Amino acid sequence: MAVATSQLAALAPVAEEDAAWRGSGERLHCVISVEINILDYSKPIELSKITMPVIFNEPLSFLQRLSEYMEHTYLIHKANQCTDQMERMQSVAAFAVSAVASQWERTGKPFNPLLGETYELVRDDLGFRLISEQVSHHPPVSAFHAEGLSNDFVFHGSIYPKLKFWGKSVEAEPKGIITLELLKHNEAYTWTNPTCCVHNIIVGKLWIEQYGNMEITNHKLDQRHIYSIIECCR
């Protein structure tokens, strides 16, 4: 395993110079096919312990990716305006699953932030402010806190994206609890995100899928809303 790790790390400059291979059926096939063959496909490999070529990354950090949770903040404002508890749950559940939409056809992995690195975002048009920070390096844990500019909600959590390499695919299991507090109604909702998997990372057309259960819980009223996303294949 040490041999495979050092060889993959040495390939990073090569992959960076030839980034045009991204999207090509030949990407990295000629370079790391021998190295990949010495890995055991039957067991997942924890990628936090392997330096992967930079070609697998997209040009932003994971802290920036976290801010994309807030793209559909209007659903939170809509939930706050609802007087019916079931309608609030529907809006919160829609907001929770909306985070999946930003990952459609995005097969690149964001860069791991440095320990103590922060990212701040204020959107007056959407009515929120957000700050995120890398609070642990090994394992990599990112924490975030967002709040409405009108002090109507608080959204916070921490995520440990556990990456596993299966030989032909990379699986990202986002460990961590997400919490949304609707201050007007004194309600707190929690959930976890589904698993994400990128297929054909060595050869073939890259494609992405998400699967698993998302259980959104209203702790005040003991309500639960469950999304079941079915896995296509491995």
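Bear in mind that the values here come from a model prediction, so they are computed numbers and not experimental data.
- Across His72 and Phe95, no two heavy atoms sit closer than the pair O-CD1, 3.5 Å.
- Minimum interatomic distance between Cys197 and Tyr211 (heavy atoms only, all atoms of both residues): CB-OH, 3.6 Å.
- Checked by atom type and distance alone, the side chain of Gln64 pairs as donor or acceptor with a backbone atom of Ser61 at under 3.5 Å.
- Here the OG1 atom belonging to Thr73 is positioned 4.5 Å from the CZ atom belonging to Phe128, to the nearest 0.5 angstrom.
- Side chain of Glu117 to backbone of Leu114: a donor-acceptor contact under 3.5 angstrom is found.
- The backbone N or O of Ser136 sits less than 3.5 Å from a side-chain atom of Gln134, completing a donor-acceptor pair.
- The minimum heavy-atom distance between Ala96 and Ile216, with the atom names listed, is CB-CG1, 4.0 Å.
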Working note: His77 + Phe153, criterion side-chain contact (heavy atoms from CB on, under 4.5 Å); need CA distance, chi angles, decisive distance, verdict. CA-CA 8 Å; His77 298 312; Phe153 73 88; 3.8 Å; yes
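- Both Leu121 and Leu75 belong to a single network of hydrophobic side chains, linked directly or stepwise wherever heavy atoms of I, L, V, M, F, W or Y lie under 4.5 Å apart.
- Between Phe111 atom CZ and Arg65 atom CZ the span is 12.5 Å, to the nearest 0.5 Å.
- Remark: the backbone N or O of Val170 is not paired with any side-chain donor or acceptor of His199 at under 3.5 angstrom.
- Distance check: Ser67 OG to Ile131 CD1 gives 12.5 Å after rounding to the nearest 0.5 Å.
- Summarising the geometry, atom CG belonging to Asp152 is positioned 10.0 Å from atom CD belonging to Glu147; distances are rounded to the nearest 0.5 Å.
- Atom CD of Glu71 sits about 7.0 Å away from atom CD of Glu68, to the nearest 0.5 Å.
- With hydrophobic clusters built from ILVMFWY side chains whose heavy atoms lie under 4.5 angstrom apart, Val135 does not share a cluster with Leu115.
- Between Ser169 and Asn200, the closest side-chain pair of non-hydrogen atoms is not below 4.5 Å.
- The shortest heavy-atom contact between Phe62 and Ser142 is CD2-OG, 3.3 Å.
- Using a 4.5 Å heavy-atom cutoff, the side chains of Glu171 and Thr195 are in contact.
- There is no path of hydrophobic side-chain contacts, each under 4.5 Å, that joins Leu60 to Leu130.
- Checking side-chain atoms of Ser91 against main-chain N and O of Arg88 turns up no donor-acceptor pair under 3.5 Å.
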Residue pair Leu126, Leu149: steps toward the side-chain contact (heavy atoms from CB on, under 4.5 Å) verdict: CA-CA 9 Å; Leu126 296 179; Leu149 297 180; over 6 Å; no
Can you give each donor-acceptor pair under 3.5 Å made by side-chain atoms of residues 176-184, sequence neighbours left out, with the distance rounded to 0.1 Å?
residue : atom : partner : partner atom : Å
Glu181  : OE2  : His156  : NE2          : 2.9

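- Glu58 and Lys109 are not joined by a salt bridge, as no carboxylate oxygen comes within less than 4.0 angstrom of a charged side-chain nitrogen.
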For a quick test of your reading: what N or O donor-acceptor pairs under 3.5 Å do the side chains of residues 217-225 make, sequence neighbours left out?
residue : atom : partner : partner atom : Å
Asn218  : OD1  : Lys220  : N            : 3.1
Asn218  : OD1  : Leu221  : N            : 3.3
Asn218  : ND2  : Tyr189  : OH           : 3.2
His219  : NE2  : Thr190  : OG1          : 2.7
Lys220  : NZ   : His185  : O            : 3.0
Asp222  : OD1  : Arg224  : NH1          : 2.8
Arg224  : NE   : Glu215  : OE2          : 3.2

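- Ring pair Tyr69/Phe155 is perpendicular by interplanar angle, where above 60° counts as perpendicular and below 30° as parallel.
- Met214 and Thr192 get closest at one heavy-atom pair: CG-O, 3.6 Å.
- In His145, the NE2 atom is crowded: over 12 heavy atoms of neighbouring residues, nucleotides or ligands sit closer than 6.0 Å.
- When all heavy atoms of Ser158 and Val141 are compared, the closest pair comes out as CB-CG1, 4.2 Å.
- One distance of note links CD1 of Ile230 with CD of Glu209; it measures 10.5 Å at 0.5 Å rounding.
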